Amino acid sequence: MAVSDEKTAPRVVQRMSPTDNVATALRQLEPGMRVTVGGVAVTVVSQIPFGHKIALSAIAAGSPVLKYGEAIGLARDGIAPGEHVHTHNVDSQRGRGDLQQ
């Protein structure tokens with residue numbers, strides 16, 4: 001099992017803001033890996049491609065997914081720590097004409 005220790009190992013994820021509940025994979029992440037960012041350690045649940053997001057904490061259905069310190073969408077269903085966060089489980093709230101009133 002690969003481990004990312006912030007002090008000794010190469011960084012494999014990047015959190016853009018301390019308030020984010022996701023981090024971006026800097027390489028492909030494999031199930032069972034432990035990654036640590038900002039003192040938060042999570043175990044990767046499923047394969048996460050380079051450039052995709054991993055949940056750093058539980059995100060309840062309908063709750064904001066935070067990246068860059070801002071909501072980038074809402075969780076469709078609950079997302080557990082270590083899960084892949086992408087279009088399959090996040091609804092974007094930006095630039096959607098169907099949400100305009």
Side-chain angles (χ1 to χ4, degrees):
M1 169 173 32
V3 175
S4 172
D5 176 344
E6 289 179 291
K7 294 183 174 91
T8 61
R11 188 171 33 173
V12 296
V13 295
Q14 174 69 48
R15 184 170 61 175
M16 303 304 185
S17 169
T19 60
D20 292 350
N21 54 13
V22 298
T24 302
L26 300 178
R27 68 177 182 96
Q28 183 164 292
L29 304 178
E30 300 296 337
M33 287 178 70
R34 294 260 314 155
V35 298
T36 303
V37 61
V40 175
V42 296
T43 300
V44 178
V45 174
S46 60
Q47 190 177 74
I48 301 173
F50 165 77
H52 287 222
K53 294 170 291 303
I54 182 173
L56 298 176
S57 60
I59 306 170
S63 294
V65 174
L66 303 172
K67 184 175 178 182
Y68 311 110
E70 296 185 19
I72 61 167
L74 299 177
R76 267 191 215 137
D77 298 307
I79 303 172
E83 279 193 53
H84 183 201
V85 179
H86 198 58
T87 57
H88 68 281
N89 56 6
V90 177
D91 285 325
S92 176
Q93 302 299 299
R94 295 180 177 197
R96 288 188 51 183
D98 62 323
L99 296 178
Q100 293 179 351
Q101 297 187 20

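Since the model is a prediction, treat every value here as computed from it, not as a measurement.
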Distance from M16 atom CE to L66 atom CG, nearest 0.5 Å?
14.0 Å
Pairwise distance CG(L29) to OG1(T24) - rounded to 0.5 angstrom
10.0 Å
Under 3.5 Å, sequence neighbours excluded: what are the donor-acceptor pairs made by side chains of residues 77-86?
unit_1, atom_1, unit_2, atom_2, d
E83, OE2, A80, N, 2.9
H84, NE2, H52, ND1, 2.8
H86, ND1, H52, ND1, 3.4

Taking N89 for its side chain and R76 for its backbone only, find out whether a donor-acceptor pair lies under 3.5 Å.
no
Listed by chain and number, what are the side-chain contact (heavy atoms from CB on, under 4.5 Å) partners of S57, not counting sequence neighbours?
N21
side-chain hydrogen bond (donor to acceptor under 3.5 Å, both in side chains) involving S63 - partner list, sequence neighbours excluded
none
Give the C-alpha distance, both sets of side-chain angles, the deciding distance and a yes or no for side chain to side chain contact (heavy atoms under 4.5 Å, CB included) between V90 and I59.
CA-CA 10 Å; V90 177; I59 306 170; over 6 Å; no
Measure the CD-CD1 distance between E30 and I48 for me, rounded to the nearest 0.5 Å.
9.5 Å
Which pair of non-hydrogen atoms, one from S17 and one from R15, has the smallest distance, and what is that distance?
O-CG, 3.1 Å
Is the shortest heavy-atom distance from the side chain of I72 to the side chain of S92 under 4.5 Å?
no
Stepwise side chain to side chain contact (heavy atoms under 4.5 Å, CB included) test for L56 and D20
CA-CA 8 Å; L56 298 176; D20 292 350; 5.5 Å; no
Shortest non-hydrogen pair, A25 vs V13, comes out as CA-CG1, 4.2 Å
Between CZ on residue R11 and CG on residue L26, distance to nearest 0.5 Å:
6.0 Å
